[in-house]
Amino acid sequence: MTRSAGRPRDPSVDARVIKAALDAINEEGMAGLSIDAIAARAGVSKATIYRRWSSKDELVVDAIASLSGVVGAVTTGDVRTDLVAVVSDLRRFFCDTTAGEVFPWLAGEIASQSALGLRYGAAVMVPKRALVAGIISDGIERGDLRPDIDVATVVDLIIGPVIARRLMGNLANSPESWPDDLIDSLLIGWSA
């Protein structure tokens with residue numbers, strides 16, 4: 001039996017660094033974020049961080065991806081209920097988390113197809129889109145939704161307004177009924 005060189009990594013260090021990054025983003029914003037500040041907050045060296053992440057941007061994406069669980073994956077089998085829950089959860093994610101605060105910056109990275117944007121897309125956006133696509137596909141299979149609708153377009157029509165309102169700065173000011181109103185408006189054209 002051979003032993004690997006060096007000491008095994010302490011998984012609690014990753015969690016401390018992620019928390020320190022999120023705290024720093026929350027308190028100082030992206031402009032004031034530095035590896036030095038994150039290392040000091042986490043009680044680790046810069047080298048420890050750079051052994052895990054090759055750049056500050058990669059660390060930020062992983063930190064934000066760690067929050068993406070805010071948007072739940074519980075489905076009830078009722079298309080309307082599930083879609084309203086997803087839109088409500090997305091609204092909370094964008095309005096009430098550090099991830100939502102830095103999303104406008106990340107949106108530019110996503111649009112430019114940068115390595116960082118692609119990484120964020122794969123870690124956060126793709127799973128959320130898959131969740132909505134699953135709800136729509138299940139609704140089609142049960143006969144609740146028209147069989148001729150394009151699932152990818154429907155996903156865009158559900159997630160798009162949330163992102164647009166976040167980027168325009170008016171998502172937080174939307175009425176509490178907005179998720180219900182959005183889904184009800186869309187379901188008029190999709191119902192079987």
Side-chain angles (χ1 to χ4, degrees), residues 18-19 21-31 33 57 59-112 116-140 142 144-145 149-191:
I18 293 285
K19 182 179 181 334
L22 291 171
D23 289 346
I25 292 167
N26 197 33
E27 292 173 20
E28 301 163 27
M30 286 299 297
L33 190 65
D57 289 346
L59 171 56
V60 167
V61 168
D62 283 353
I64 292 168
S66 75
L67 298 175
S68 68
V70 170
V71 181
V74 176
T75 55
T76 65
D78 178 75
V79 173
R80 183 190 181 281
T81 300
D82 293 345
L83 292 177
V84 168
V86 167
V87 172
S88 297
D89 286 348
L90 282 169
R91 180 182 180 181
R92 277 190 293 280
F93 178 72
F94 283 123
C95 293
D96 300 337
T97 70
T98 302
E101 290 177 28
V102 299
F103 181 76
W105 167 73
L106 280 167
E109 297 295 320
I110 295 164
S112 69
L116 178 63
L118 293 172
R119 183 178 168 126
Y120 178 79
V124 179
M125 303 294 284
V126 169
K128 300 309 171 223
R129 289 182 61 83
L131 170 65
V132 176
I135 293 168
I136 298 302
S137 295
D138 290 347
I140 292 169
R142 284 192 310 268
D144 299 334
L145 300 175
I149 61 174
D150 178 66
V151 174
T153 300
V154 170
V155 172
D156 292 341
L157 290 169
I158 292 169
I159 295 176
V162 181
I163 291 173
R165 282 187 179 225
R166 173 58 189 101
L167 292 176
M168 297 303 292
N170 59 5
L171 182 61
N173 298 328
S174 299
E176 284 300 312
S177 64
W178 182 72
D180 294 275
D181 298 341
L182 172 66
I183 296 304
D184 289 343
S185 296
L186 295 172
L187 285 175
I188 290 170
W190 300 336
S191 295

* **Derivation and outcome, salt bridge (charged side-chain N to carboxylate O under 4.0 Å, His left out), residues D156 and R129** => CA-CA 8 Å; D156 292 341; R129 289 182 61 83; 2.7 Å; yes

* Please report the C-alpha distance between V162 and W178 in whole Å, then the side-chain angles of each, then the deciding distance to 0.1 Å, and finally whether the side chain to side chain contact (heavy atoms under 4.5 Å, CB included) criterion is met. => CA-CA 10 Å; V162 181; W178 182 72; 3.9 Å; yes

* Looking at L167 and P104, what are the two nearest heavy atoms and their distance? -> CD2-CA, 3.8 Å

* Asked: Do L83 and L186 touch side chain to side chain, with heavy atoms closer than 4.5 Å?
  -> no

* Structure fact -> Closest non-hydrogen contact found for P175 with R91 is O-NH1, 3.0 Å

* Structure fact -> Rounded to the nearest 0.5 Å, the CG atom of L90 sits from the CZ atom of R166 at a distance of 13.0 Å

* Asked: From I163 CD1 over to I110 CD1, what is the distance, rounded to the nearest 0.5 angstrom?
  -> 7.0 Å

* Might you point out which heavy atoms bring G77 and D82 nearest each other, and give the distance in Å? => N-OD2, 3.2 Å

* Structure fact -> On a heavy-atom basis, the closest approach of L182 and P161 is CD1-CG, 4.0 Å

* At their closest point, which heavy atom of L33 faces which heavy atom of A24, and how far apart are they? -> CD1-CB, 3.5 Å

* To do: Find the distance between CD1 (I136) and CG (L157) and round it off to the nearest 0.5 Å.
  => 10.0 Å

* What distance separates D23 CG from I18 CD1, expressed to the nearest 0.5 Å? -> 11.5 Å

* Asked: Do T75 and T81 come close enough that some side-chain heavy atom pair is under 4.5 Å?
  -> no

* Asked: Can you find a side-chain donor-acceptor pair between S174 and R165 that sits under 3.5 Å?
  -> yes

* Structure fact -> To the nearest 0.5 Å, atom CG of L106 lies from atom CZ of F103 at 7.0 Å

* Asked: Between D180 and R80, does at least one N-O distance fall below 4.0 Å, as a salt bridge requires?
  -> yes

* Any donor-acceptor pair under 3.5 Å linking the side chain of S112 with the backbone of E109? -> yes

* Evaluate the criterion side chain to side chain contact (heavy atoms under 4.5 Å, CB included) for residue pair W190 and V79; output intermediate values, then yes/no. => CA-CA 11 Å; W190 300 336; V79 173; over 6 Å; no

* From L22 atom CG to T97 atom OG1, the distance as rounded to the nearest 0.5 Å -> 9.0 Å

* What's the shortest heavy-atom distance between P127 and A122, and which atoms? -> CD-O, 3.5 Å

